[in-house]
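Please read the structure below before turning to the comments.
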Number of protein chains: 2
Amino acid sequence: MELKPIIRMKKNLSDEVKENLCDYIRRMDVKKNPKLPSEAALAQILGVSRVTVRRALDDLEQSGLLLRIHGRGTFVNPEAVQIKLNMTEGGELMESIIRSGYEAKVELVRVEEYDADKKLASALQIDIGARVVEIEKVFYADNHPAIVCIDRFPKDILVRPLKEDEYKTTIFDLLRDTAGKTITRDKVEVLSMSRAQMKKYSPFADQMECDSVLVLNSLNYDQNNIPIIFDTEFYNTNYIRYTLMRPKNIHYV
Amino acid sequence: MELKPIIRMKKNLSDEVKENLCDYIRRMDVKKNPKLPSEAALAQILGVSRVTVRRALDDLEQSGLLLRIHGRGTFVNPEAVQIKLNMTEGGELMESIIRSGYEAKVELVRVEEYDADKKLASALQIDIGARVVEIEKVFYADNHPAIVCIDRFPKDILVRPLKEDEYKTTIFDLLRDTAGKTITRDKVEVLSMSRAQMKKYSPFADQMECDSVLVLNSLNYDQNNIPIIFDTEFYNTNYIRYTLMRPKNIHYV
DNA sequence: AAGTGGTCTAGACCACAAC
DNA sequence: TTGTGGTCTAGACCACTTG
């Protein structure tokens, strides 16, 4: 007996169902039988309504983990099992490196403070000339520089100066604990850059072991839709590669 | 009166609600009042249940177009209006260029046929040595090469030889009409490449007006979860830039 | 207190697949 | 015919924001 009735702990039921199913799937022998119990059966076993089961399955299908075939059933997607980094999930860079199969290490490159220029001020919706903190960190994969990350945020959202060792923690935790801001979503722009171009942004560009980098420009918004952090991440895609599962909508005609 | 009761035409009700709402939002004066009617009001006006309204709103929020604030209401997201290309949507490359604000043109670079090597055979789940068709096209933005696209698929899914002018149409339409295969989703790997590296894959690399390119390796699956097309797209991100809206899940603690 | 979004349920009916 | 996923509804209750 693998699946047990859901006991409400926190958050919502369909998330609990989702976690429960993920555990179940991990313990399944997918090659032998990739089929899940029917929705009605799951609802009964888990003790929740079918709608709730479907909400969980919707999410898992959206992320690519499950396939549903009308009239046949729900199956674990064998193509999705090997995915290490899902681009729509983001997550912490240290964990990204670990999930990619490397030993992870982070170093602080620099911390600076300056006045926002027009472009940054516009992005962060602050006044031109407002003080901004810029933190650059480098993340290593097996001691090779894999990701360079530059975070920029308005200085005045910090209620107290930061201590030396706090710079290394993630900026999100930092801002939640010191400023009470929670990042609820971000808007990412994807581009490619040569190492020469990267030099304009980072003194660390010379030490990247690749000619070109993947660049993610991410504007992070808090719960009130106010942009809080503008960060730029430079990836050596020989080490870190994002994957994206995209369902194609065939509804249109 | 802007919103009218939904009349079921095809597909599902929440998709119709979604389109209806999109039209409504486009005609809204967002700067004056970005707030939408309440879910209960929408349900009544549109003549559908609140659950159906919520399904539509869920999708629109997921894509970033809407913001919902518990206890306050649903609002058009001013940050999302300017997005031109959403990475999770994909879509046709000609349209991507037009939506990015350029004049679009496509040219066929080459059509080749060869035996699948181990790597390609593994990706397409075919035998090593099976015949594969490879088609390379270049898409121009205002007469500058912006995207190079290389499509590869097993020759035997074509029921008849292709005519000259058919190569220029999209491969998806081609395969749907000639082979009865519909692409339902794809799995995309994101990387960056220097122009020198791109030369290994494309004779057109020399003509790209940039030192580095964004590369999307996309494996396209049909309705039976069989991989049909493996295509590689090289982007000059000075012309074409994808954007991605990522909701962060704050549920976990 | 009133209004809004967030969650969940029970039940119905439809569409597709397989026997 | 049976079992499966796909869609939709009405109604209930909760949690958050605002006045």
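Numbers restart at 1 for each chain; the letters A, B, ... are given by sequence-line order, proteins then strands. Remember, predicted model here, so these are calculated numbers, not experimental data.
The side chain of V48(B) sits closest to dT9(D) out of dT9(D), dC8(D), dG6(D). Looking at the side chain of S49(B), the nearest of the listed nucleotides dT9(D), dT9(C), dG6(D) is dT9(D). Among dC8(C), dT4(C), dG5(D), the nucleotide with an atom closest to any side-chain atom of R55(A) is dC8(C). Relative to the side chain of V51(B), the nucleotides dG11(D), dT7(D), dT4(C) differ in distance, and dG11(D) lies closest.
With sequence neighbours excluded, the residues forming a side chain to side chain donor-acceptor pair (under 3.5 Å) with E39(B) are R50(B), R54(B), R68(B), listed by chain and number. For D151(B), the side chain to side chain donor-acceptor pair (under 3.5 Å) test picks out no residue, with sequence neighbours left out. In terms of the ring-ring contact (aromatic ring centres under 6.0 Å, His included) criterion, F153(A) has no residue partners (sequence neighbours excluded). Residues forming a salt bridge (charged side-chain N to carboxylate O under 4.0 Å, His left out) with R241(A) (at least two apart in sequence, or on another chain): E189(B). S49(B) meets the side chain to side chain contact (heavy atoms under 4.5 Å, CB included) test with V51(B), T52(B); sequence neighbours excluded.
Between T52(A) and the phosphate of dT9(C), there is a side-chain N or O to OP1/OP2 separation shorter than 4.0 Å. Taking side-chain N and O atoms only, R50(A) has no distance below 4.0 Å to OP1 or OP2 of dT9(C). OP1 and OP2 of dT4(D) both lie 4.0 Å or more from every side-chain N or O belonging to T74(A). For R68(B), a side-chain nitrogen or oxygen approaches OP1 or OP2 of dG6(C) to under 4.0 Å.
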- Report the C-alpha distance between D156(B) and R131(B) in whole Å, list the side-chain angles of each, state the deciding distance to 0.1 Å, and finish with yes or no for side chain to side chain contact (heavy atoms under 4.5 Å, CB included). CA-CA 8 Å; D156(B) 62 16; R131(B) 292 301 271 179; over 6 Å; no

- Query: After noting the C-alpha distance and the side-chain angles of D58(B) and R55(B), does the key distance pass the salt bridge (Lys or Arg N to Asp or Glu O under 4.0 Å) rule?
  - Reply: CA-CA 5 Å; D58(B) 284 346; R55(B) 281 249 303 281; over 6 Å; no

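Separating the CG atom of L42(B) from the P atom of dT9(D) is a distance of 14 Å, rounded to the nearest angstrom. Note: CG (L13(A)) to P (dT7(C)) measures 10 Å, nearest angstrom. For Q44(A) and dT4(D), the CD to C1' distance is 16 Å, given to the nearest whole Å. Distance, L67(A) CG to dG5(D) P: 13 Å, rounded to whole Å. Following rounding to the nearest Å, N12(A) (CG) and dA15(D) (C1') show an atom-to-atom distance of 13 Å. Here dT7(C) presents its P atom at 11 Å from CG of D59(A), a figure rounded to the nearest Å. Regarding L57(B), its CG atom lies at a distance of 15 Å from the C1' atom of dT7(C), rounded to whole Å. In this structure, CZ of R54(B) is placed 5 Å from P of dG6(C), rounded to the nearest angstrom.
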Between protein and nucleic acid, restricted to nucleotides 15-19 of chain C and to nitrogen or oxygen atoms under 3.5 Å apart, what atom pairs and distances do you find?
{"residue": "dA15(C)", "atom": "N3", "partner": "H70(A)", "partner atom": "NE2", "Å": "2.8"}
{"residue": "dA18(C)", "atom": "OP1", "partner": "R72(A)", "partner atom": "NE", "Å": "3.4"}

